[in-house]
Amino acid sequence: MVSLSSNYLGRLAPSPTGYLHLGHARTFWIAAERVRATNGALLLRNDDLDAIRFRLDFVAAMLEDLRWLGFTWREPVITQSSRLARYRAALEKLHAARLIFPCTRTRRDVLDAIGAPHEGGADDEPVYPPQFRPPTDAPLPPLGEKISINWRLRVPDGEELGFHDGRCGLQRATAGRDFGDFLVWRKDDMPSYQLACAVDDAELGITEVVRGADLIKSTFRQLLLIRALGHAAPAYYHAPLMLDDRGERLAKRHDSLSLRALRAQGMTPTQIADQFRSQEATNS
Ligand code: GLU
């Protein structure tokens, strides 16, 4: 039988801010399985916009670990730092539509205003206090060539949003209640993760975004951006997060579960994939 390639286009989007661990590998393995099942194609996106935690050696390690696991992707690798003009164009569109506003409040201001503790716990951005917003009819300052202030998207308060997740089913959130006005551009003149990701997924024609369930709330933000920019939204599939033996989510600090540590201990890509396969079989 001749197998025809489909229109499915997925992506792996690691951030080079640490070594990849088993949790990343499992999400990426699920993403690759979705591609295989549909005979689609896969892009690799290097999410390298975090100037503080970025390290070039993490990019090399990321590519090496992914190749070691047997992943293949359609070249070239998409590097976010080389797409800044696209993100800036999107920002200008949001500015022209008056959907964003400049914000000089610090994280501390926001936490104080909502009476939240300053440290730890929160998995997600706090809801931006509406009293910090400028009125909708306030004059909007120009963006300027070099941006040195944070810009946020004004979310449509009270709008009920929903999407059907390929793994988790129907997801719902209310704008302004479950999440608030969020950052689209940072005062270090870089796009936020939300903006860059929304622009890339839409403009690169990704048909399904497969990623960890910790990003479900971000999906609502990205859907708002994609809609505001006039693009069609991809489908979403959020994979369950992998937990350690204490029930905590794996993080880059779990060095013993980094793929390099596992490789050094003699674990093979086949053993890793077999483990994922049997976990998926148990879950389904
Ligand atoms: N680079 C992001 C991360 O590692 C993933 C973003 C995404 O898949 O949308 O958390």
Side-chain angles (χ1 to χ4, degrees), residues 8-35 40 42-56 58-63 65-66 69 71 73 77-84 86-87 90 122-125 163 165-168 171 173 179 182-184 186 190-226 229 231 233-242 249-254 257-259:
Y8 185 103
L9 185 61
R11 64 12 168 228
L12 309 180
S15 299
T17 53
Y19 294 119
L20 297 181
H21 56 59
L22 208 52
H24 297 113
R26 186 164 74 150
T27 302
F28 295 162
W29 180 83
I30 292 173
E33 286 294 296
R34 306 274 302 161
V35 171
L42 190 62
L43 298 180
L44 176 63
R45 193 178 82 201
N46 170 13
D47 282 6
D48 64 344
L49 298 180
D50 181 341
I52 295 171
R53 294 186 303 153
F54 168 85
R55 275 181 23 197
L56 202 54
F58 286 143
V59 179
M62 188 167 98
L63 295 173
D65 290 347
L66 291 173
L69 280 171
F71 291 113
W73 50 84
V77 173
I78 313 294
T79 297
Q80 287 196 317
S81 59
S82 66
R83 293 175 49 80
L84 294 175
R86 317 297 304 224
Y87 311 138
D123 198 33
D124 198 60
E125 259 187 70
F163 69 93
D165 188 275
R167 176 82 177 229
C168 309
Q171 301 296 308
F179 64 95
F182 60 90
L183 214 58
V184 288
R186 307 195 310 241
M190 292 294 266
S192 70
Y193 154 69
Q194 308 293 353
L195 182 73
C197 183
V199 168
D200 285 344
D201 287 334
E203 291 189 0
L204 298 171
I206 301 300
T207 61
E208 184 179 70
V209 170
V210 178
R211 59 185 174 194
D214 53 327
L215 289 168
I216 288 184
K217 206 179 270 185
S218 283
T219 298
F220 291 106
R221 301 184 176 103
Q222 293 166 21
L223 283 169
L224 284 180
L225 287 170
I226 290 172
L229 294 168
H231 296 300
Y236 291 90
Y237 182 107
H238 289 88
L241 295 180
M242 197 160 178
R249 200 167 112 192
L250 291 198
K252 284 180 178 148
R253 64 177 184 278
H254 285 78
L257 294 176
S258 76
L259 294 170

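Ligands are counted one by one from 1 in listed order, and the atoms in each one are counted from 1 as well. Only a predicted model underlies this, so the values are computations on that prediction, with no experimental measurement involved. Throughout, residue positions are numbered sequentially from 1 according to the sequence presented.
- No side-chain donor-acceptor contact under 3.5 Å links Y87 and E203.
- Looking at S15 against ligand 1, both its backbone and its side chain come within 4.0 Å, counting heavy atoms.
- Atoms of ligand 1 lying under 4.0 Å from at least one heavy atom of C197, given by number and element, are 9 (O).
- Taken from CG in D50 to OG in S15, the straight-line distance is 7.5 Å, to the nearest 0.5 Å.
- Inter-residue side-chain proximity for Y19 and L259 is flagged as unmet; no heavy-atom pair is nearer than 4.5 Å.
- When non-hydrogen atoms are compared, ligand 1 lies under 4.0 Å from the side chain of R11 (C-beta onward) but not from its backbone.
- Heavy atoms of other residues, nucleotides or ligands lying less than 6.0 angstrom from CZ of R86 number 12 at most.
- When each atom of ligand 1 is checked for a heavy atom of Y193 under 4.0 Å away, the hits are 6 (C), 7 (C), 9 (O).
- Near R211, meaning under 4.0 Å from one of its heavy atoms, ligand 1 places the atoms 7 (C), 8 (O), 9 (O).
- Checking only distances, A13 does come within under 3.5 Å of ligand 1, N or O to N or O.
- Close approach of ligand 1 to D47 is summarised as follows: ligand atoms under 4.0 Å from at least one heavy atom of the residue are 1 (N), 2 (C), 5 (C), 6 (C).
- Taking the six-membered ring where the residue is Trp, F179 and F220 present parallel rings, their angle staying beneath 30° rather than reaching 60°.
- Note that NE2 of H238 is 10.5 Å distant from OG1 of T27, once rounded to the nearest 0.5 Å.
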